[in-house]
Amino acid sequence: VKGAVIDGVGLVLNGDDNVATALDDLSAGRDVEYDGQTVTLVDDVPFGHKFAIEPLPAGETVYKYGEVIGRTTGDVAPGEWVHTHNCESTRGRGDVAPNEEGQ
Amino acid sequence: MGHEFTGYRREDGRIGVRNHVAVLPTSVAASSVARAIAGDAGAWARATPHQMGTTQPDATREQTLRVLAGIGRNSNVGAALVVEFGTEDVGADELADRIARSGKPVETLSVREVGGTKAALERGGTLIDAANEATTAARRESADASELVFGVECGGSDATSGIAANPAVGDACDRLVAAGGTACFSETPEFIGAEHILAERCVDEMTRERLLDRVDRRESTADLMGVDLRGAQPSPGNQEGGLTTIEEKSLGAISKGGTTPIRGIVDYAEHLPVGGGLVLMDTPGYDVESVVGKVAGGAQVIAFTTGRGSTTGNPIAPVIKVTGNPKTWARMTENMDVNAGTVVEGDESVRDVGRRVFEEVLAVADGKRTRAEHHRMEEFAITEVQPNELAEGGRRA
């Protein structure tokens, strides 16, 4: 696997990433050691899904593969599951007014 | 160099990895008859039933013709039978002429002219038996990996796709390109959010601009319709598999093309060069239509990555299934050819699996049957030209 496996259960694909990918079905309350710190999972995180490894304020850019994958729609604490309920795409958004995306 | 297999040398010099007789209907009205003719004949006969109507707008008609002609010309086809109902604006003769340019035997059949379904089945049976006799004379001969046009596709993606199966297939693309061959990936909606990476890899400014223009066009389809892509991209299944946004899906998807420079981008079903390195094709994200586009472009072998599972194949080109999800490998072994789940489990590197994928491509080219071939999974569909594309037809021309 490219990237760093953290505590045997999470995958951080690039040093710039602020989310990790779960390598197993993980339960809320589990401690994941990362970079000398402990991230305690706030939610259950299914295999392949992501959790925050840093505090992500509302509107924060979310990075995976060292690239932008979206932005948060609310404050997200470390250990929270990051998915469609709190992270949205910035692309292909015909539902928002033109130029709002700064394109 | 040193990566050899055996295949069928065709009149136009291209090498086929299968020796099918293709039965190609020119419209939906001839599709049932085409399917029945091939079905009665045996596994060597492959029909391509599709949904396109007898009367199509010009741009659609031209695309249908291009797809079917490309499928007929594909070097996996030794001979072809073109079947029309008899009232189509894509006529059997016109299509047969385009296929015959490759030098292979082509016959035509008109359901209306021979007097209906029963007569067409009889006449069709006679015609493809004769075609089969001609093709069975062909023998496999030595060929080089540089003669392969390798199409890569993903479907039913999940988070493992971008971590394991896609980069492993990408590594196989790199190996093939290094050996002098052509690799092609497509699905333009799945470039959205990753196009800056692809743009940097284009060999010249023209290719770069063309790529960005095609991505803009797919993205603006959503803008025009006043909707966002999120309902469909990522799909509900992708989302269940952990993919949150189209950017995330795209960043994983593009890794299946490997890391070499992008030498060009061609239209849907347009000719792919032999010995062309990495070339993109502008196709929709719908996997069956996308695979058909690449096979029509000349791809002899397809690798298809999946996370959640997929069983689809193609009537003309063998489709190699690669999954990076260990659970999918365990649950759907009978439909999977290569296990890339070992990457997720930490047992193998992406490069290790990439080597296995490349070896599998050569083995399949040499005649090894894929799981999709074993199960006779032969999905075929032609993409529609979208209403907004028809409206802006002038611009496209």
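Proteins get letters first, then strands, A, B, ... in listed order; numbering begins at 1 in each. Predicted, not measured: the structure shown is a model, and the values here were computed from it.
Heavy atoms of A:Lys64 lying under 4.5 Å from chain B belong to its backbone as well as its side chain. Both the backbone and the side chain of A:Thr84 come within contact range of chain B, each with at least one heavy atom under 4.5 Å from a heavy atom of that chain. Contacts between B:Lys327 and chain A at a heavy-atom distance below 4.5 Å involve the side chain alone, from C-beta outward. In this structure, no portion of A:Val45 lies under 4.5 Å from any heavy atom of chain B.
Residue-environment remark: CZ (A:Arg30) stays at or below the threshold of 12 foreign heavy atoms within 6.0 Å. No more than 12 heavy atoms of other residues, nucleotides or ligands lie within 6.0 Å of CD in B:Glu200, so this atom counts as exposed by the packing criterion.
To the nearest 0.5 Å, atoms CG (A:Leu23) and CD1 (B:Ile163) are separated by 6.5 Å. Taken to the nearest 0.5 Å, the OG atom of A:Ser89 stands 12.0 Å off from the NZ atom of B:Lys249. Taken to the nearest 0.5 Å, the CG atom of B:Asn325 stands 5.0 Å off from the CZ atom of A:Phe47. How far CD1 of B:Ile192 is from OG1 of A:Thr90: 10.5 Å, rounded to the nearest 0.5 Å.
Side-chain atoms of A:His49 come within 3.5 Å of backbone atoms of B:Glu240 as a donor-acceptor pair (strictly under, hydrogens ignored). Distance alone, capped at 3.5 Å, is enough to place a donor-acceptor pair between the B:Thr245 side chain and the A:Ile69 backbone. With B:Glu219 contributing its side chain and A:Arg91 its backbone, the two residues share no donor-acceptor pair below 3.5 Å.
Of all heavy-atom pairs spanning A:Gly48 and B:Ala159, the tightest one is O-CB, 2.9 Å.
Applying the side-chain hydrogen bond (donor to acceptor under 3.5 Å, both in side chains) test between B:Thr244 and each of A:His83, A:His85, A:Glu88 identifies A:His83 as the sole match.
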